[in-house]
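What you see is a predicted model, and the numbers here were worked out from it, not measured in a lab.
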Amino acid sequence: MSEPNTSCAAFQAVAAIDPGAVAVRSIGGAQSLTWGEYAQQVRAVAGGLAALGIGRGDTVALMMSNRVEFYPLEVGAQHAGATSFSVYNTLSPEQLGYVFANAGNRIVFCEADFVDRIRAAGVPIETIVCVDRAVPGTLSVAQLTSLARSDFDFEATWGAVDPSDIVTLCYTSGTTGNPKGVEITHASLAFECRAYASVMPIEFGDRITSYLPTAHMADRVTALYLQEFFGTQITVVPDRTQLPAALVDVRPTIWGAVPRVWEKLKAGVEFAVAAETDPARKAALDWALEVAGRKAAAQLAGAPLDDAQAAEWAKADALVLSGLRAKLGLDQLKWALSGAAPIPAQTLGFFFGLGIPISEVWGMSELTCVASVSPPQLARLGTVGTLLPGLESRIAPDGEFLVRGPLLMRAYRKEPDKTAEALDADGWLHTGDIITEDEHGYLRVVDRKKELIINAAGKNMSPANIENTLKASTPLIGALATIGDARSYNTALIVLDAESAQPYAAHHDLPDASAAALAADKGVIADIAAGIAAGNAHLSRVEQIKRFTILPTFWEPGGDEITLTMKLRRTPIARKYAGEIERMYSPELAEGVHEPAAGAHP
């Protein structure tokens, strides 16, 4: 191959393009690394790891917030020949123990706050390297790099890395049981990055933020690995509450988000417009959003704007919408994407109307992240685009989508039986997703095969479709679990959005923003009821939610109810809230159980 076929070779090529350019930075740029500095630190880290006996076949774990120091450590481990991977910062000692034992890592790079938890995991870790402050019994990064031998052959070490070597492990946050360690090779990663960039162009100096946990495959690919292959500039966002400020600071040229982040941005725009006090400005904003809404509706319906409508949108764009994009920090985007979970079509339409076309992607860790996407000019709202070049697919008799191609995982680490269940003898990955494909190759995700609801009348329904439709109707809903399997009608357990609680309480002069207080507040109940009613209008009668309960709690990622990647743990939810569920099916409307109703505007 004429192109670099390992992440190490790719990094070395892009680091030489412009050594003085900034590669990684903090918000505002107070801390930064040029490509030249980055490359020097990668060499030093690889030398230190080699002195500790870390090389090809070894694994290196990282546990830290999104920070500038992460990148030379991760990439340095790759150059030592090791498999480098991140763990979620929220893991308990028991969960860390399982992951470390499965991965077999002898070393962890971490922040000082995580040392006690790592030690409590019960797995013998030979070396802990702290990136921020000294902790007894650990090394600093400077101490690690000082161990490098004078005769360490850096070029030969990274040059010996083979495309078939495992570049990383991604631990799936399964909805049941322990996570599985997905083994990704350098060859699969190189194919993923190049195939993706052939559809969504990336060039040296493109700007992006890193705000998802670095253990999330979406962050690893869009930030870390695309940087290694194409030379993007990353701005790290250690706390997601800093994301709005980061976007304005960075003005990214390429950017992606999970659906909940897009929904937050949408709610922020709508709240700002609703709260505008200047009458003239309020009128202009309302007019522009109405025009944007017409463009969105046309796109969702698959109908082009007529000349008059197009001219009015262009006027609204020049006078108002371009300013809204700039206020969001999304005015210099070449492309935007949404992935990791289905996104409501109304949310995609909203941003399309603002002049921010979003390409929805589909994939999974077992496919090295992204497997389908379409460029913005060819994207069809409600689909996840078409398969990346070089992949093939087929649909099994039960509707399950199967994929084959160079970006498939090698295996689940130390789990041959589960690997055999996922990868069949002909090389097809059984994705577990029900996906339809139209005559042009555009894919529509229906749901996970094992999560489809079959009601008492035998009707098959997608809970994810129901939930996304309803969540699009009110930003107050943080999570929603549809109940209806073997039932005569559908109900929903609703959890309020923790980040919206305080602003909502302040805006409505409520003294208590706790989950319990808001769940019992008549205004909140009315707004949720109105939102459910609005969402139901977009669903078939059999799919509609007839009753709902607002739970007096917030669901935390990694808890009993949702995974670290925000997927619902449906079986544990049904078990934990069995009492609340049965109350929703009582013949009489029970206390705390509500019905959708048009009322206060959500």
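No side-chain donor-acceptor contact under 3.5 Å links Glu263 and Thr347. Donor-acceptor pairing under 3.5 Å is lacking for the side chains of Ser374 and Arg380.
When each of Lys180, Glu366, Lys418 is tested with Tyr412 by the rule side chain to side chain donor-acceptor pair (under 3.5 Å), just one qualifies, namely Glu366.
Under the 30°/60° scheme for interplanar angles, the aromatic rings of Tyr585 and Tyr489 are found to be tilted. Note on ring orientation: taking the six-membered ring where Trp is involved, the planes of Tyr577 and Trp555 are tilted (angle from 30° to 60°). Relative orientation of the Tyr171 and Phe85 rings is tilted, given thresholds of 30° and 60° on the angle between their planes.
Closest heavy-atom contact between Ala103 and Thr59: O-OG1, 3.1 Å.
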Step by step, would you call Asn66 with Ser210 a side-chain hydrogen bond (donor to acceptor under 3.5 Å, both in side chains)? CA-CA 7 Å; Asn66 302 55; Ser210 170; 3.0 Å; yes
Show your reasoning for whether salt bridge (Lys or Arg N to Asp or Glu O under 4.0 Å) applies to Arg220 and Glu192. CA-CA 12 Å; Arg220 296 188 76 75; Glu192 163 79 357; over 6 Å; no
Derivation and outcome, side-chain hydrogen bond (donor to acceptor under 3.5 Å, both in side chains), residues Thr549 and Arg583: CA-CA 9 Å; Thr549 295; Arg583 287 168 59 80; over 6 Å; no
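Screening residues 472-494 for salt bridge (charged side-chain N to carboxylate O under 4.0 Å, His left out) gives Arg487-Glu582 as the qualifying pairs, with residues at least two apart or on separate chains. Pairs of residues two or more places apart, or lying in two chains, that qualify as salt bridge (charged side-chain N to carboxylate O under 4.0 Å, His left out) and include a residue from residues 544-560 are Arg547-Glu595, Asp560-Lys576.
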Side chains of residues 394-401: which donor-acceptor partners sit under 3.5 Å, not counting sequence neighbours?
from, atom 1, to, atom 2, distance (Å)
Asp398, OD1, Glu400, N, 3.1
Asp398, OD2, Lys449, NZ, 3.1
Glu400, OE1, Lys449, NZ, 2.9
Glu400, OE2, Thr431, N, 3.4
Glu400, OE2, Gly432, N, 2.7

